[in-house]
Enquirer: 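If you scroll down you'll find the structure; I have some questions about it.
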Amino acid sequence: MSSPPIIDKKDVAAAKARDGKDEGAFDAPVTRERDQASVDYLLELGDDALILGQRLGEWCGHAPSVEVDLSLANMGLDLIGQATNWLGAAAECLDGKDADALAFHRDVLDFKNCLMVEQPNGDFAQTMARQFLFSTWQHMLLERLTGSSDQQVREIAAKSVKEVAYHRELASDWVIRLGDGTEESARRMADGLDWNWRFIPELFEVTKEREELIERGIAADPREFEDDYRAALANILAEAQLEAPADQRPILGGRRGHHSEHLGHLLAVMQFLPRTYPDAKW
Amino acid sequence: MTGHDWPLWEVFVRAKGGLAHRHVGSVHAPDEEMALHHARDTYTRRMEGVSLWVVKSNDIVASDPDEAGQTFEPARDKVYRHPTFYEIPDEVKHI
């Protein structure tokens, strides 16, 4: 056919150097050393942010004014950014997964978000009531996670905590304005709080596995700030001239994949495109 | 709640320390605190600022466009008000 190719020594050296560098490129993805409990924790943090971010996105184009539309979209995007970081960290420990795979290719039972974030938006007051109850908790949690013994958790928490401090302030201000507003706005805010109130106890639930993660300094213990949390709510509600809703039978289970029917509908919208067109690119 | 009954606020952003606040636009908001939130969410999403001012549009006193003639034209032919008639020595830089 043809004479053997003439091989330049320089080319051989270059190829060797190149091959040397590529060595192991097709090995299994780098897996960080984390146990199941740690990965579950990252998934919880990520799913909370992802699902609430998606919920807030539903307001896009429907908010009471263009300014509020932007406020809600900004918050939603902050949360989806946080979810990308948490789920990305979890994915590093799971062979062949990335944050998108976790967000778009898991089914309802695999999601570990708390039940509060999947609750429907309702009216603007109900959305803000949910935001107030969740952001206040999330802020207190992230403040503690900036001191986690896991460096990646520490770094993601440090980046997120400033965003969430703002969410908390904005939501608190809306609770005060609607509560201490007109008769109608006060009634709507009271209804919104009432809807979401029963999902508070889940935020402070600590399982045995979690207990161990807390002892290792990776997770924060929410029970340490439950009193502060209740006091913070009471302060804002007092300023809003609102009564705290009566405690209801708590509803738990989101962390174990027992979700309300709302989550399935949310995922159907969120996951439709990447599942139908798996190769779609921006 | 439609936002239409909220007063209008003018928004000023300081891009970085040392620069003056610049007018960037306006937002509707029920009160000054919410006006700051709305200004932040509307005009500083892409790291445009380090400081924000809002002021009720109603509180701004503006010159009357119908009186632009008497307000601005008298200055037009008074070129001597511009400091362009001085000889600047070569040694003086940065003027």
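Proteins get letters first, then strands, A, B, ... in listed order; numbering begins at 1 in each. Just so it is clear, the structure is predicted and the values come from calculations on it, not from any experiment.
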Enquirer: Just wondering, are more than 12 heavy atoms of other shown residues or ligands nearer than 6.0 Å to NZ in B:K16?
Expert: no

Enquirer: Give a yes or no on whether the backbone of B:H28 and the side-chain of A:E67 come within a donor-acceptor separation of less than 3.5 Å.
Expert: yes

Enquirer: Can you tell me if A:R187 has over 12 outside heavy atoms packed within less than 6.0 Å of its CZ?
Expert: yes

Enquirer: Taking the side chain as C-beta and beyond, is there a heavy-atom pair between B:H38 and A:L70 under 4.5 Å?
Expert: no

Enquirer: Measuring from A:Y166:OH to B:H37:NE2, what's the distance to the nearest 0.5 Å?
Expert: 5.5 Å

Enquirer: B:E33 versus A:D173: any side-chain heavy-atom pair under 4.5 Å?
Expert: yes

Enquirer: Flag yes if more than 12 heavy atoms outside A:Q248 fall under 6.0 Å of its CD atom; otherwise flag no.
Expert: yes

Enquirer: Hey, is the main chain of B:D41 close enough, under 3.5 Å, to the side chain of A:N74 for a donor-acceptor pair?
Expert: yes

Enquirer: Between atom CZ of B:R40 and atom OG of A:S71, what is the distance when rounded to the nearest 0.5 Å?
Expert: 8.5 Å

